S.K.: 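Below is one structure. I have some questions about it.
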Amino acid sequence: MVKEIRDRLEQIKNQKNGKNEQIKDEKIEANQGYTLLKKIRDRLAQIKNEKINAFPNWGYFSWMYKIEKKEVITISKDEIGLVEAKYGSPLEKGKSFGRKVDCNNFQHTRAFIKGRGQAGQQLAHLEVGTYKINTEIFNIRIVPIISIRPGEIGLVIANYGASPKQILGKVVECDSFQDAEAFLNSGGQRGKQLAILTTGKYKINTDLFTVITTANAHKNNENPENLKVYKIDKGKIGIVTTMAGKTLPKDEIAGPEIEGHDNYQDGQKFLDLGGYKGLQEEVLKEGEWNLNPWFVKVEQVPLTRIEQEEVGVVVSFVGKKYDRHNYNQGISSDESEYIYELVPEGYKGVQKEPLMAGDYPINTRTKTVHLVPTTLIVLNWSSDEEKHPLDYDYKLNTLKLTSSDGREFQVQFTQIIRIAAENAPMVICQIGTSAAEVERIYMNDNLGRTIKKYPAIRNFVNRVLTKVVEGHFKHAATAKTAIQFQQTIIQCQEEAQAYIEAVLEKYGIERWGTYIIAFNLPEELDKHRQVLEDLKQEQVKAQEESKTIQEKIQTEEKNKQLTKEQEETKAVGQKIQADTKVYTAQREAQADREKEKAKAKVNKMHIDVEIARQEKLTEIEINAFRARIAALGPEVYAQIELQAKWADAIAQMQITYPQIMTSGGNSGSGDSTSNLFNLLQIEHLTGLADRIQLNQGTSTPLFSTAATKNSLSPNQEQKSLSTHSTEPKIPVVLLLDTSSSMYGQRIDSLNDGITSFKQEFEPNTNPSQNVELAIITCNSNGRTVQEFVSIDKFLPSPLKAEGTTTIGKGIDLALDEIENYQNSKKPWVFLIIGSSPTDDWQKSAQLIRQAVEMNKLNFFVVAVQGADMISLEEIAPLNTPPKLLNGLKFRELFHWIAENLKTVSNSEPGAAISILPITEWAEDEY
């Protein structure tokens with residue numbers, strides 16, 4: 001309280017007022033304050049000397065304070081508290097809210113006063129929580145937070161702020177109006193704001209801001225529909241008009257496109273980049289946009305649709321101005337006369353590039369699109385009562401002409417024209433067109449057809465072509481009599497064609513046909529013409545009969561000559577045929593003799609080679625055997641040499657060894673098989689030495705011719721070594737349809753599946769070494785593209801789709817590959833097919849089904865979408881019907897195949913194998 005009195009005295013001291021009465025009152029008040037201050041000081045000194053327990057309520061003096069209990073302030077979720085200070089420093093001139101003071105959310109009254117907090121509405125507000133606030137000093141008003149629902153926006157009006165310089169307050173950084181102090185300090189302007197609130201919840205001081213939502217729109221004179229996110233419907237665009245911005249230059253109807261304002265959602269960016277007020281060139285496309293209705297107005301119009309068999313010519317009223325003397329603009333024009341000018345996109349005028357079929361977001365307030373047909377247009381100058389009033393030639397009647405001899409006659413005429421797409425801008429530029437819509441004729445047939453009629457074509461027919469055709473024929477008629485015109489009608493048609501084509505070419509229109517359909521003479525002239533025509537026909541008929549007789553005589557002479565030549569040719573042919581047979585028989589006999597001689601010579605060469613080979617082998621064996629006997633001792637060598645029985649010794653000591661010892665295997669010294677072979681030879685040679693010692697001193701020869709070729713020592717039997725046994729392999733044949741039916745994504749997915757198949761096997765493992773893969777393609781060039789090779793050595797290469805599907809040939813190749821494969825477990829064959837077989841497959845299918853029934857192999861058929869399942873049921877075995885691949889899940893299929901093969905590889909030979917369940921790679925039904 002002392003501090004309050006001191007502050008009050010300081011306030012009184014600093015106040016300046018010229019009124020004497022007020023100064024007097026303040027002096028009295030000051031004296032009273034000093035007196036009260038003195039009493040308080042004296043009392044405090046007294047209290048200091050008293051004992052604490054003399055005061056039951058320590059710190060409070062009943063004569064000095066009045067205690068009143070108040071509830072704490074509680075701010076719940078989705079609420080804020082607005083604060084108004086009853087006391088404090090006065091607000092500065094022009095200010096409406098007290099500045100922020102560090103006072104622990106108004107709970108520290110002394111801090112508020114000491115910090116020179118100001119009386120009145122406060123910028124700071126209270127958020128969710130519980131507060132101990134002196135309500136004698138502060139008024140707290142709890143209000144709900146601002147909630148903007150999805151699909152809606154909120155408009156903001158600042159009740160206080162700087163004076164605006166435009167119709168909408170500028171955007172300032174203030175956390176979406178939640179930081180009131182930042183809004184005012186950053187120069188926020190009062191009035192309607194350019195910034196809007198989008199979907200969300202906002203803690204906004206509603207004393208400073210008025211927020212308009214759909215809930216209170218009517219109260220604030222706003223249409224609730226304007227407070228919803230603006231949606232551009234499908235097939236439409238939005239034409240935008242802005243309410244703020246710079247004034248458009250003279251002669252401009254719309255503001256140019258400006259990048260960076262996020263489709264008018266960032267209004268401040270639009271203004272900062274120099275955007276103009278009014279109609280805009282840039283349109284809004286399909287979608288939802290957060291637009292401020294105070295800033296922009298949007299008009300939705302359909303997309304400009306260009307259908308097939310027509311093009312659109314764009315006439316732009318915005319863009320850069322064309323300068324015909326600036327040759328860098330890319331303008332197209334007539335070189336001799338500036339009849340038309342076509343401009344590129346971005347310039348005002350008729351654009352030289354037409355719009356092809358499609359939908360275009362054209363701003364129809366700044367550009368006009370004229371539709372021009374590209375189909376053939378038939379125009380008939382005839383009095384046809386069936387013409388539709390909207391037909392281009394509805395007003396075109398039969399041409400009435402007057403000849404040089406004063407005769408009147410009529411001509412029915414047809415002209416066919418077409419406008420090429422690239423020439424459509426030239427046509428529009430020269431003949432122009434009204435702004436009228438395209439007219440439509442609705443046919444009354446069962447098809448419900450609609451025929452479109454284009455203003456551009458109607459303008460050309462009415463303004464140009466009608467005058468050209470009628471003028472030409474009237475001029476042509478005056479140069480001839482009626483009969484002459486009729487007699488030279490083809491020439492007249494060709495002249496009309498040349499003349500009309502030259503005119504059409506200037507306008508960029510193609511001539512597709514010019515025809516005089518009918519020619520009507522006056523009755524008396526027509527009779528005279530008919531008499532002349534009959535005479536002419538009789539003359540022509542007589543000439544033709546005479547010509548026919550002459551041709552008949554000539555034909556008979558030619559037939560006689562032809563018959564003679566044919567007989568002569570036949571005789572020559574018979575002679576040549578006989579000579580040919582004799583020559584052929586002689587050549588065949590000589591060829592047979594030469595063949596027999598060559599065969600005899602080859603047989604003799606084979607016999608000579610075999611004799612030489614056997615002699616060489618015998619010599620090699622004797623020398624090798626000599627070396628081994630010499631190694632056993634001189635006695636054995638001397639005895640055999642003495643008896644000259646080297647050949648018999650070898651013959652009697654022959655041992656039957658496994659083929660892998662005598663003709664294959666590793667010949668290195670470290671090989672176990674080779675070592676065993678050497679040990680056996682040494683054992684038999686040792687036995688031979690023993691026999692020699694037993695026979696020494698007797699006359700019995702060491703080797704007897706009666707001895708058995710394969711005999712050994714009496715106490716031994718011939719030993720046979722088994723070959724080095726490896727684990728049986730598992731041959732797998734992929735029989736793949738690579739016909740053109742597998743083209744595109746199918747063959748790509750198949751190649752990807754084969755690559756993943758190799759990746760399913762871990763390298764250098766039992767399955768990767770024992771599973772051997774072969775691949776056969778079933779197309780017009782069906783062949784084995786991969787011989788049997790282990791998975792470790794298999795290198796996938798891409799397959800191409802081409803030709804037809806030859807399943808029979810593929811099955812035959814697969815059976816041949818399996819038949820030539822030895823020492824294996826039961827083979828597996830997988831047929832993957834995507835179309836109907838095109839060859840004779842029935843016999844091949846029967847062979848492979850028989851092999852399955854005889855338990856010689858496993859056979860599976862997998863069909864890709866589009867395959868002939870009826871034929872595949874005849875190919876597949878009964879116990880494994882064909883399966884339909886689920887989409888293009890080749891990776892899953894090859895994973896399933898790999899898992900089955902791993903199971904087989906790790907099983908014992910001959911053990912029963914259960915096929916793994918079909919996974920998601922196959923359809924449940926087909």
Side-chain angles (χ1 to χ4, degrees), residues 70-86 96-108 112 117 120-135 137-161 169 171-186 188 190-230 265 288-294:
K70 295 285 185 178
E71 294 184 358
V72 295
I73 304 298
T74 300
I75 307 298
S76 303
K77 183 181 178 182
D78 295 336
E79 294 179 337
I80 61 171
L82 302 181
V83 182
E84 181 180 359
K86 299 178 182 179
S96 301
F97 287 84
R99 62 175 174 268
K100 283 188 178 181
V101 176
D102 186 7
C103 59
N104 191 19
N105 289 308
F106 304 101
Q107 296 181 105
H108 199 320
F112 179 82
Q121 294 175 319
Q122 301 298 304
L123 290 175
H125 63 264
L126 302 177
E127 298 191 7
V128 177
T130 302
Y131 301 91
K132 300 175 182 178
I133 297 177
N134 189 338
T135 55
I137 305 298
F138 302 100
N139 279 335
I140 308 300
R141 182 160 48 93
I142 299 175
V143 298
I145 64 174
I146 302 299
S147 179
I148 307 298
R149 292 178 294 188
E152 298 181 358
I153 63 169
L155 300 176
V156 180
I157 300 175
N159 301 322
Y160 304 94
V171 179
V172 297
E173 186 62 39
C174 59
D175 191 19
S176 297
F177 304 103
Q178 296 181 104
D179 190 340
E181 183 179 32
F183 176 83
L184 294 176
N185 292 341
S186 300
R190 68 175 175 272
K192 294 181 178 179
Q193 299 298 302
L194 185 57
I196 64 173
L197 299 176
T198 57
T199 302
K201 295 184 177 180
Y202 301 90
K203 301 171 183 176
I204 295 178
N205 189 330
T206 51
D207 288 338
L208 177 57
F209 301 104
T210 298
V211 180
I212 304 175
T213 65
T214 54
N216 63 357
H218 290 298
K219 182 179 178 182
N220 290 276
N221 297 321
E222 290 290 341
N223 186 348
E225 291 300 317
N226 293 338
L227 297 174
K228 294 182 179 180
V229 174
Y230 196 89
Q265 296 181 111
E288 295 185 347
W289 312 102
N290 295 311
L291 302 178
N292 188 334
W294 294 336

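Being a predicted model, the structure only gives us computed values, none of them experimental.
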S.K.: Looking only at heavy atoms, what is the nearest atom pair of Q193 and A158, with distance?
M.R.: NE2-CB, 3.4 Å
S.K.: State, to 0.1 Å, how close Y202 and I145 come at their nearest heavy-atom pair, and which atoms those are.
M.R.: O-CB, 3.4 Å
S.K.: Could you tell me the separation between the CG atom of L184 and the CG atom of D179, rounded to the nearest 0.5 Å?
M.R.: 9.5 Å
S.K.: Between atom CG of L291 and atom CD of Q265, what is the distance when rounded to the nearest 0.5 Å?
M.R.: 6.0 Å
S.K.: Has the side chain of N105 got a donor or acceptor atom that lies under 3.5 Å from a matching backbone atom of Q107?
M.R.: no
S.K.: Going by the side-chain contact (heavy atoms from CB on, under 4.5 Å) test, name the single residue among I80, V83, I142 that passes it with L126.
M.R.: V83
S.K.: Find the distance between CZ (F183) and CG (D175) and round it off to the nearest 0.5 Å.
M.R.: 13.5 Å
S.K.: Rounded to the nearest 0.5 Å, what separation is found between the NZ atom of K70 and the CG atom of N134?
M.R.: 9.5 Å
S.K.: With a 4.5 Å heavy-atom cut-off, do K86 and I137 have their side chains touching?
M.R.: no
S.K.: Provide the closest heavy-atom pair for A217 versus L227 in the form atom of the first, atom of the second, distance.
M.R.: CB-CD1, 3.6 Å
S.K.: Please list all pairs meeting side-chain hydrogen bond (donor to acceptor under 3.5 Å, both in side chains) that have one or both residues in residues 148-161, counting only residues at least two apart or in different chains.
M.R.: R149-E152, R149-T214, E152-T214, N159-T210
S.K.: Please tell me if the side chains of F97 and D207 come closer than 4.5 Å, counting only heavy atoms from C-beta onward.
M.R.: yes
S.K.: If you take all heavy atoms of K203 and H125, which pair is closest and at what distance?
M.R.: O-CE1, 3.8 Å
S.K.: With a 6.0 Å cut-off (strictly less than), is the heavy-atom count around NZ of K100, excluding the residue itself, greater than 12?
M.R.: yes
S.K.: Between N205 and Q122, is there a donor-acceptor pair closer than 3.5 Å when you use the side chain of the first and the backbone of the second?
M.R.: yes
S.K.: Would you confirm whether Y230, through its side chain, and N226, through its main-chain N or O, come within 3.5 Å as a donor-acceptor pair?
M.R.: no
S.K.: Find out whether S176 and V156 are in side-chain contact, i.e. whether some heavy atom of one side chain is under 4.5 Å from a heavy atom of the other.
M.R.: no
S.K.: Would you please classify the geometry between the F138 ring and the F112 ring as parallel, tilted or perpendicular, with 30° and 60° separating the classes?
M.R.: perpendicular
S.K.: Answer yes or no: is there a side-chain heavy-atom contact under 4.5 Å between I73 and T135?
M.R.: yes
S.K.: Looking only at atom types and distance, does a side-chain atom of N220 sit under 3.5 Å from a main-chain N or O of E222, one as donor and one as acceptor?
M.R.: no
S.K.: Between T213 and N216, what is the shortest heavy-atom contact and its length?
M.R.: N-OD1, 2.6 Å
S.K.: To the nearest 0.5 angstrom, please state how far the CG atom of N139 sits from the CD atom of Q121.
M.R.: 11.0 Å
S.K.: Could you tell me whether a side-chain N or O of K192 sits under 3.5 Å from a main-chain N or O of L155, the two making a donor and an acceptor?
M.R.: no
S.K.: Just verifying a value: how many Å separate K201 NZ and K77 NZ, rounded to the nearest 0.5 Å?
M.R.: 5.5 Å
